[in-house]
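The next block holds one structure in the form of structure tokens; read it before the comments.
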Amino acid sequence: MGRYPVNLPYVGIASFAKLPIVEDLAAVDADIAILGVPWDAGVGYRPGARFGPRGIREYSTRFAFGERGMQPNGYWDIELGARLLAGARLVDCGDVDALYLDVDYTFDGMSEAVRTLAGRGVLVVALGGDHSVTFPVVRGLEAVGPFDVIHLDAHLDYNDAVHGVRLANGSPIKRVSELPFIGHIAQLGLRGIRAREDAFADSVARGNTIVTMAQFQARGVDAILDALPLRHGRCYVSIDIDALDPAIAPGTGSPEFDGFSHALMRETLRGIAARWPVVAFDLVEVSPPLDPGGLTQSLAAQLILEFAGAVHAAGRDRRG
Ligand code: MN
Ligand code: MN
């Protein structure tokens, strides 16, 4: 009998979905790797996303089905009538080291960790952290480029700078757009009354696709995705949890009303996975201190498993 013979969700070490922990990134031999990027110094309003990786892991233990790790049987989706992630090798690689006020040290560590994992052919799933982490994560994927970016968010995150600050959570998609291996950028789910007109104009000028939440709901997932002019046919997906409606995802720093339902987000992620190889993805801006009921953390864990399941089911060569 092992140390945790029953292994209920509240027992043992809370790795993501109770997956095996592999902290030596150069030794990872897996299909999918969970990587925490606990950083929230890029937040201009309500912080707390530095606790996101730990919080999402805590709630993800509910999806371990009482087994030590999910392999080899994955999970059964009653609505799809299918078993997902069956046979997939998943590991939890712990967190990138973070040092408050030292953005160079922390962001360089993020890029290096992603570079190492991507070099081993692993699908990296980055757990934020505020949205500023998307830039160092994508920067670490140069060797698997070029690729396009699909950005799901209530906000543009396309500010060139805020009072000279260029790496905060309002700027990651602008920073990503400047990387030489990034093709088309699609920004989906935008809404609210705080968007900057100059950032919008800048994104439009680059040729990015911008779809507001109202447009997304009016046209539907298939029409929106079918119209995306991806250049490289392979994409990175960045999921800001505030793309979802604050009624179901309240635990985030900058909530905006009238967002994605879980069903619509799931359909969108499945639609992306069915159309294009996904080189890596992140889920950011979950702030456990703002999430007393745990709903947002639970939703984040489920979305990660659903999207990873869809990407794995699509079974395409991520490197083209
Ligand atoms: Mn964002
Ligand atoms: Mn946002």
Side-chain angles (χ1 to χ4, degrees), residues 37-53 56 107 110 125-139 149-162 165-178 182 185-196 199-200 202-203 208-216 235-262 264-265 268-269 280-291 296-297 299-300 303-304 307:
V37 279
W39 173 264
D40 65 8
V43 169
Y45 184 38
R46 302 190 297 176
R50 70 181 61 182
F51 299 107
I56 294 168
F107 279 21
M110 292 175 190
V125 177
L127 308 183
D130 74 51
H131 216 152
S132 69
V133 305
T134 291
F135 170 61
V137 167
V138 172
R139 185 176 63 180
V149 172
I150 298 178
H151 168 222
L152 298 153
D153 201 326
H155 310 103
L156 282 166
D157 292 358
Y158 213 81
N159 297 326
D160 183 48
V162 177
V165 175
R166 294 167 54 83
L167 293 175
N169 71 343
S171 300
I173 308 305
K174 172 65 175 175
R175 293 288 85 78
V176 163
S177 78
E178 296 163 344
I182 299 301
I185 295 175
Q187 304 191 267
L188 313 178
L190 305 156
R191 60 191 189 274
I193 58 172
R194 297 179 51 257
R196 272 172 50 171
F200 176 82
D202 191 17
S203 184
N208 298 341
T209 298
I210 294 178
V211 181
T212 67
M213 195 69 229
Q215 291 168 334
F216 200 96
C235 60
Y236 180 91
V237 180
S238 184
I239 308 164
D240 186 327
I241 199 71
D242 70 33
L244 289 118
D245 195 87
I248 59 168
T252 192
S254 299
E256 304 290 350
F257 302 110
D258 303 319
F260 282 81
S261 67
H262 171 242
L264 186 62
M265 178 58 75
T268 302
L269 295 174
F281 70 91
D282 66 52
L283 191 151
V284 299
E285 295 287 351
V286 173
S287 178
L290 302 171
D291 192 32
T296 316
Q297 295 159 86
L299 175 61
L303 278 174
I304 288 165
F307 192 29

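First listed ligand is number 1; within each ligand, the first listed atom is number 1. Only this structure's heavy atoms are used, side chains among them; waters, hydrogens and symmetry mates stay out.
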Which of the protein's N, O or S atoms come within less than 2.8 Å of the Mn ion (ligand 2), not counting waters?
D153 OD1, H155 ND1, D240 OD2, D242 OD1, D242 OD2
Give a yes or no on whether a salt bridge exists between R191 and D258, defined as a side-chain N under 4.0 angstrom from a carboxylate O.
no
Do E285 and H131 meet the criterion of a side-chain donor-acceptor pair at a distance under 3.5 Å?
no
Could you tell me which residues satisfy side chain to side chain donor-acceptor pair (under 3.5 Å) with S261, sequence neighbours excluded, listed by chain and number?
none
Keeping to residues at least two apart or across chains, list the salt bridge (Lys or Arg N to Asp or Glu O under 4.0 Å) pairs with something in residues 246-257.
R194-E256
Return the set of residues passing side-chain contact (heavy atoms from CB on, under 4.5 Å) with N159 (not counting sequence neighbours), or none when no residue passes.
V162, S171, R196, A199
Looking at R166 and D160, does any basic side-chain N land under 4.0 Å from a carboxylate oxygen?
yes
